[in-house]
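Note that the numbering runs from 1 along the sequence shown for the chain.
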Amino acid sequence: MPVRPIRKVLVANRGEIAVRVMRTCRDLGIAAVAVYSPSDRASLHVRYATEAYPLRGPSERAGYLHVEQIVAIARRSGADALHPGYGFLSENPALPRACQQQGVTFIGPCAEVMETMSSKTQARHTMQQAGVPVVPGLQHAAGSEQEALSCARKIGFPVMLKAALGGGGKGMRKVDDQAAFSSAWQATRGEAKLSFGDDTVYVEKFLDKPRHIEVQVFGDTHGRVRAFPERECSVQRRHQKVLEESPSPFVTDELRSRMATVACQAAAAVGYVGAGTIEFLVDANRNFYFMEMNTRLQVEHPITEMVTGLDLVKLQIDIAQGARLDQLLPAKPLQARGWAMEARVCAEDPAQGFLPSPGPIHHVRQPGGPFVRTDTAVYAGWEITPDYDPLIAKVIAWGADRASTLAHLDRALAEFTIKGCKTNTMFLRQVLHFQDYRGGDYDTGIVQRLLNQSPVWQGHEHRKMALLGAAVLNFERERQSQARVSPTETSADGHNAWRSWVTAS
C-alpha cells in the first residue's frame with residue numbers, strides 16, 4: 001500500500017506521553033502539533049510542540065475525547081499523521097476511521113482490528129479460533145445475571161467479573177462465592193457503564209496467585225509480526241500497574257519462546273499493524289492464558305526500549321510510512337540486554353489510602369546519574385489538577401543484571417523530589433525493599449500482602465532523622481538535668497539545645 005512520508009504529526013494526547021512522542025518527532029525532523037485543554041495552555045507538551053491548538057468542550061477532558069474536533073485540527077494544521085499516545089482515544093476505532101476518511105495517516109492499527117480487540121469477549125473468541133489459550137469462562141458477554149452465575153458455578157469459584165470493554169483495571173471484581181455474586185454483578189455493571197459507556201460483563205475463572213506478563217509485538221503492512229522481550233507487570237494495586245520490569249524473573253527460556261510464538265500468532269490472526277501488546281496471565285506451573293490485547297503503545301514501553309536499545313515510537317512511525325520489519329529489526333529473535341525496571345510516580349497519598357493529591361508544584365528535582373531515565377511533563381510552577389490520571393512521572397532504570405537495576409531505581413526514587421503535592425515515591429521504594437520483590441518471587445497479590453504486613457513506609461532518611469532528633473532531645477534533657485539549666489537558657493523550639501549538642505560533639 002502506498003504511504004506518503006510523514007512530515008508533521010498531531011499528538012492527540014497530553015502530559016508525559018505527548019512529550020515523549022514529540023521527542024522522537026524532533027529526532028526525526030518531523031514537526032509536532034499539540035492540542036490542549038484550557039488548563040493545559042502552559043503545559044510542557046504545548047511548550048515542546050512546533051505548534052499548538054486549543055480544544056473546546058464542556059469539561060477539561062471533553063476536548064481530548066472529541067474525535068471530529070481533533071481530526072479537524074490535524075487537517076487545519078497540515079498534519080499528515082496522528083499519534084494517539086495511550087488513554088483517551090487511543091483504542092477508540094472512531095479515531096482511525098475518521099483519520100482514514102480525512103486522509104490523515106493513523107499511527108496504529110486500523111479501525112476494524114481495533115474493534116475486534118477492544119471487546120474482551122470478541123477478542124477471546126477470536127483468539128480461541130486462532131488456537132491461542134484463554135482463561136476458562138464465558139466466550140461472550142453474559143446476557144443476564146443468571147447466565148453469568150450459571151457459568152461461575154460451572155467453572156468454580158472464585159471467578160472474575162469483567163467489563164467487556166474494560167481496561168486500566170476498571171470494571172473488574174473478584175467474586176469468592178455465590179453469596180457475593182449478585183452484589184458484585186450489579187457493582188461491576190455500574191462501573192462498566194460509568195467508565196466505558198457499556199454495561200456488558202463476562203465471567204472468567206480466577207487464577208490463584210497469577211503473574212501478569214505481557215509481550216510487546218509489532219506488525220507491518222507486509223504481513224510480518226515480531227515479538228519483543230516480555231515485561232513483568234504483576235506489581236499492581238487495584239488491578240493497576242505500579243512497577244514493571246523486563247525481562248521477567250519468572251520466565252524461563254523455554255516459556256519465553258512459547259509466549260513469543262503465541263503472541264505473534266495472536267497478532268497475525270487479526271492482521272495487526274503497528275505496536276500492540278498481548279497480555280497473559282501465567283499460573284504457578286507456568287501455564288499461560290491470553291487475557292487481552294492493547295492496541296496501542298503501553299505506559300511501560302520504556303523498559304522494552306532500555307533492554308533492546310530501540311525507539312518504539314520511531315518504529316511506529318516507520319511502520320506507518322510502510323517500512324518492513326525485516327528492514328527495521330535484526331533477523332534473529334530479539335533478546336533483552338541487561339535488565340530494566342519502571343516505577344510509576346503518582347500524585348497520591350499512600351498514607352491516606354492512596355487518595356489523589358492534586359495541587360501546585362513548587363519544586364522538582366529529577367533523578368540523574370548513570371542508567372536512569374525520567375519521563376515526565378511536570379515542572380516547578382505547574383499544577384496537578386484532579387481532572388486527569390494521577391500519573392505524573394515514570395522513573396526508569398537499567399542495569400547489567402536485576403540486582404544492579406533495583407539499586408539504580410531505588411537510588412533514583414530517593415533523589416526524585418516534588419514539593420507541593422504528595423507522591424507515592426516512598427511507597428515505591430517500600431515495594432523495592434520488600435523481600436518477595438527482591439527475590440523475584442511475587443504475583444499480582446504482592447502489594448496487598450505488603451500493605452497487610454506493614455504500614456506505608458516513610459523511608460530510611462525519615463527514620464534516621466527521627467532517631468537523630470530523639471537522641472538530641474534525650475541528650476539535652478540529661479544535660480539540663482545535670483547542669484540544672486534554667487529554662488530561659490533554651491529557646492522554645494530547642495534551637496540553643498541543638499547548637500550546644502553540636503558544639504559538644
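The distance from atom CG of Asp40 to atom CD of Glu60, rounded to the nearest 0.5 Å, is 6.5 Å. A distance of 13.0 Å separates CZ in Arg296 from CE in Met117, rounded to the nearest 0.5 Å. The line from CG of Leu315 to CG of Leu310 is 6.0 Å long, rounded to the nearest 0.5 Å. Here the OG atom belonging to Ser77 is positioned 5.0 Å from the OH atom belonging to Tyr53, to the nearest 0.5 angstrom. For the atom pair Ile303 CD1 and Leu243 CG, the distance stands at 10.0 Å (nearest 0.5 Å). The line from CD1 of Ile155 to CE of Met160 is 11.0 Å long, rounded to the nearest 0.5 Å.
The residues Glu232 and Arg402 are annotated as not salt-bridged, no charged nitrogen and carboxylate oxygen being separated by less than 4.0 angstrom. A salt bridge is absent between Glu244 and Arg231; no separation between the charged side-chain nitrogens and carboxylate oxygens falls under 4.0 Å. Checked for salt-bridge contact, Lys193 and Asp199 miss the test: no charged N lies under 4.0 Å from a carboxylate O. A salt bridge does not link Lys120 with Glu204: none of the charged nitrogens is closer than 4.0 Å to a carboxylate oxygen. In summary, Glu292 and Lys162 do not engage in a salt bridge, as defined by a charged side-chain N under 4.0 Å from a carboxylate O.
The number of heavy-atom neighbours closer than 6.0 Å to CG of Asp387, taken from other residues, nucleotides and ligands shown, is above 12. More than 12 non-hydrogen atoms from other residues, nucleotides or ligands lie less than 6.0 angstrom from CZ of Arg258. Residue-environment remark: CD (Gln100) stays at or below the threshold of 12 foreign heavy atoms within 6.0 Å. Applying the 6.0 Å contact sphere to NZ of Lys314 captures no more than 12 heavy atoms from other residues, nucleotides or ligands.
The closest donor-acceptor contact from the side chain of Glu245 to the backbone of Glu342 lies at 3.5 Å or more, if one exists at all. When atom types are taken as modelled, the side chain of Tyr64 and the backbone of Ser37 share a donor-acceptor pair closer than 3.5 angstrom. Asp326 contributes no side-chain N or O that, together with a main-chain N or O of Leu329, makes up a donor-acceptor pair within less than 3.5 Å. Although no hydrogens or angles enter the test, the distance criterion places no donor-acceptor pair under 3.5 Å between the side chain of Ser119 and the main chain of Glu115. Distance alone, capped at 3.5 Å, is enough to place a donor-acceptor pair between the Thr126 side chain and the Gln122 backbone. With hydrogens and angles ignored, the 3.5 Å screen pairs no side-chain donor or acceptor of Arg226 with any backbone N or O of Leu325. No donor-acceptor pair closer than 3.5 Å links the side chain of Ser234 to the backbone N or O of Arg211. At least one donor-acceptor pair under 3.5 Å links the side chain of Gln265 to the backbone N or O of Ala130. Formation of a donor-acceptor pair under 3.5 Å by the Ser357 side chain with backbone atoms of Ala347 is not found in this model. Glu305 places a side-chain N or O within 3.5 Å of a backbone atom of Leu312 that can act as its donor or acceptor partner.
Between His408 and Phe371, the angle of the ring planes lies from 30° to 60°, which puts this pair in the tilted group. Ring geometry, Trp382 versus Tyr379: the interplanar angle falls from 30° to 60°, so the pair is classed tilted.
Proximity of Cys110 to Val273: side-chain heavy atoms (C-beta onward) are nowhere separated by under 4.5 Å. Gln316 is listed as a side-chain neighbour of Val313, based on a closest heavy-atom distance under 4.5 Å. Between Leu55 and His66 the shortest side-chain heavy-atom distance does not fall below 4.5 Å. The closest side-chain heavy-atom distance from Ser118 to Thr295 is not below 4.5 Å. Between Pro367 and Leu413, the closest side-chain pair of non-hydrogen atoms is not below 4.5 Å. Using a 4.5 Å heavy-atom threshold, the side chains of Phe181 and Glu145 count as touching. Two residues are said to be in side-chain contact when any heavy atoms from C-beta on lie closer than 4.5 Å; His45 and Val11 fail this criterion. The closest side-chain heavy-atom distance from Tyr272 to Val225 is not below 4.5 Å.
Nearest heavy atom pair, residue Arg47 against residue Ala42, reads NE-O, 3.4 Å. The heavy-atom pair separating Val345 from Thr423 by the smallest distance is CG1-CB, 4.2 Å. When all heavy atoms are compared, the tightest approach of Ala142 to Trp185 is CB-CH2, 3.7 Å. When all heavy atoms are compared, the tightest approach of Gln321 to Ile6 is OE1-N, 2.8 Å. The two residues Gln216 and Ala275 come nearest to each other via the heavy atoms NE2-CB, 3.8 Å. A pairwise comparison of heavy atoms in Leu95 and Pro84 identifies CD2-CB, 4.2 Å as the closest pair.
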Chi angles and distances behind the side chain to side chain contact (heavy atoms under 4.5 Å, CB included) call for Phe157, Asp176 = CA-CA 6 Å; Phe157 287 95; Asp176 290 312; over 6 Å; no
For Thr121 and Leu138, what are the C-alpha separation, side-chain angles and deciding distance, and is it a side chain to side chain contact (heavy atoms under 4.5 Å, CB included)?
-> CA-CA 8 Å; Thr121 52; Leu138 280 178; over 6 Å; no
Does the pair Gln335 and Arg337 meet the rule for a side chain to side chain donor-acceptor pair (under 3.5 Å), with working shown?
-> CA-CA 6 Å; Gln335 295 183 339; Arg337 296 180 295 180; over 6 Å; no
Start with the C-alpha gap between Arg97 and Phe106, add the side-chain angles, then the distance that decides, and say whether side chain to side chain contact (heavy atoms under 4.5 Å, CB included) holds.
-> CA-CA 9 Å; Arg97 185 168 285 120; Phe106 181 75; over 6 Å; no
Given Met293 and Val217, is the side chain to side chain contact (heavy atoms under 4.5 Å, CB included) satisfied, shown in steps?
-> CA-CA 10 Å; Met293 182 179 193; Val217 294; 4.2 Å; yes
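The cationic atom of Arg286 (NZ for Lys, CZ for Arg) lies less than 6.0 Å from the six-membered ring centre of Phe250 and within 45° of the ring axis. Cation-pi check for Arg14 over Tyr388 is met; the charged atom lies under 6.0 angstrom from the ring centroid and within 45 degrees of its normal. For the pair Arg124 and Tyr202, the cation-pi criterion (under 6.0 Å, within 45° of the ring axis) is not fulfilled.
The salt bridge (charged side-chain N to carboxylate O under 4.0 Å, His left out) test with Glu16 singles out one residue from Arg344, Arg373, Lys394, and that residue is Lys394. The side chain to side chain donor-acceptor pair (under 3.5 Å) test with Gln236 singles out one residue from Gln448, His212, Lys241, and that residue is His212. With Met291 as the partner, the side chain to side chain contact (heavy atoms under 4.5 Å, CB included) test is satisfied by one option alone out of Ile278, Val282, Ile213, Leu281: Leu281.
Of the N and O atoms on the side chains of Glu214 and Thr277, not one donor lies less than 3.5 Å from an acceptor on the other residue.
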Only distances under 3.5 Å count here; give the side-chain donor-acceptor pairs of residues 21-33 to other protein atoms, sequence neighbours excluded, each with its distance to 0.1 Å.
unit_1	atom_1	unit_2	atom_2	d
Thr24	OG1	Arg20	NH1	2.7
Thr24	OG1	Asp311	OD1	3.3
Thr24	OG1	Asp311	OD2	2.8
Arg26	NH2	Tyr48	O	3.1

